Amino acid sequence: MKIAMMARNPDLYSHKRLKEAAEARGHEFHIVNTLRCYMNIVSKRPEMYHNGEKLEGFDAVIPRIGTSVTFYGLAVLRQFEMMGVYPLNESVAIGRSRDKLRSMQLLARDGVGLPVTTFAHDPKQTAEVLELAGGAPVVIKLLEGTQGIGVVLADTDRSATSVIEAFRGAKVNILLQEFIKEAGGKDIRVIVVGGKAIAAMERTGAKGEFRSNLHRGGSAKVVKLTPAERATAVKAAKTMGLNVCGVDMLRSENGPVVMEVNSSPGLEGVEKATGLDVAGKIIEYIEKSAKPNATRTKGKG
Ligand code: ADP
């Protein structure tokens, strides 16, 4: 097969591993820099170019779109879809997952366990949304945040109100969430590929830190999932419409609750913690699924 991977940095662990896994299985693998792609939007003849070269004959595309280039990255991916190239994750599904609030709404509709989450636009409703979230301690999250930046724990209603006002003053969108204290600064990342939970790790935050992000100094180890955790991860992936994703969950006293579904999960932490060949499983999934024009949405919407 001829596979393209949209990625800006070919040297990232995840990108090197996907290339290695594809080539080991006899595929032709091209890394295209998302921002160097340009398109010709012609009726019935969608075309794409990369550094002066026309991109042709690809069977599948692996989108690794960084959050800072979501808008242009999704346009490039849509063009691949319209050219009939099979996308590992579809552009609409990635678009959905990039909006934290939209994701929470969809997951809630489908009955996936979530921390109590509230949201309001008007600062006059601060007291009410705080009360709906169960009052302090609460977690306040920037909707546009990643890697734990913009995730704040407020211990009292007073500090929560100040933080909310500060964020509002900076004109950024936030959501409020009940603090899952019993998670104890740990979370679980499950990698779902083709509707199966294929690998899982538990991340523990650095000492005194409630956020377990590896980028914030957390550490990871392999974890055995309960049937409920496995089912929750698979259901979250299905709701989002993502073939490959990382589902982040907390172990709450009421069972697993989902915090986020990531459409381009990093592979380094999970492969090192579990010793599993996650990149190989992803390529295997592409082999089974990629048929020309297999995009259900054909780049719609
Ligand atoms: P980001 O997308 O920026 O990583 P997250 O929503 O995943 O933000 O939050 C970062 C970390 O903070 C999580 O990995 C988790 O350890 C912790 N955390 C987030 N929300 C809660 C919550 N409601 N209760 C307890 N801990 C939380």
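Everything numeric here is computed off the predicted structure, so don't read it as measured data. Just so you know, these numbers use all the heavy atoms, side chains as well, and skip hydrogens, waters and symmetry mates. Atoms within each ligand, like the ligands themselves, are counted from 1 in listed order.
Considering backbone and side-chain atoms together, Arg203 places no N or O closer than 3.5 Å to any N or O of ligand 1.
Residue contacts with ligand 1, taken as heavy atom pairs separated by less than 4.0 Å, involve Ile180 via backbone and side-chain atoms alike. At a 4.0 Å heavy-atom cut-off, ligand 1 does not touch Met249 at all.
Contact of the Phe210 side chain with the Lys181 side chain is not registered, since no non-hydrogen atoms from C-beta on lie closer than 4.5 Å. Residues Asp187 and Met259 form a side-chain contact, since some pair of their non-hydrogen atoms from C-beta on lies under 4.5 Å apart. With contacts defined as side-chain heavy-atom distances shorter than 4.5 Å, the pair Glu284/Glu287 qualifies.
With hydrogens and angles ignored, the 3.5 Å screen pairs no side-chain donor or acceptor of Glu271 with any backbone N or O of Asp277.
Interface of Phe179 with ligand 1, defined as ligand atoms under 4.0 Å from a residue heavy atom, comprises 24 (N), 25 (C). Atoms of ligand 1 lying under 4.0 Å from any heavy atom of Arg211, numbered from 1 in the order shown and given with element: 11 (C), 12 (O), 16 (O), 17 (C). In summary, the atoms of ligand 1 found under 4.0 Å from a heavy atom of Asp187, numbered by their order in the structure, are 13 (C), 14 (O). Close approach of ligand 1 to Leu250 is summarised as follows: ligand atoms under 4.0 Å from at least one heavy atom of the residue are 21 (C), 22 (C), 24 (N), 25 (C), 26 (N), 27 (C).
Side-chain atoms of Thr34 and Arg8 include no donor-acceptor pair closer than 3.5 Å.
Heavy atoms of Glu178 approach ligand 1 to within less than 4.0 angstrom. Ligand 1 does not have Arg216 within reach: every non-hydrogen atom of the residue lies 4.0 Å or more from it.
A salt bridge links Glu20 and Arg17; the closest N-O separation between the charged side-chain nitrogens and carboxylate oxygens is under 4.0 Å.
Classification of the Phe80-Phe58 ring pair by plane angle, with boundaries at 30° and 60°, yields perpendicular.
Among Lys141, Glu260, Met259, the residue whose heavy atom sits closest to atom 6 (O) of ligand 1 is Lys141.
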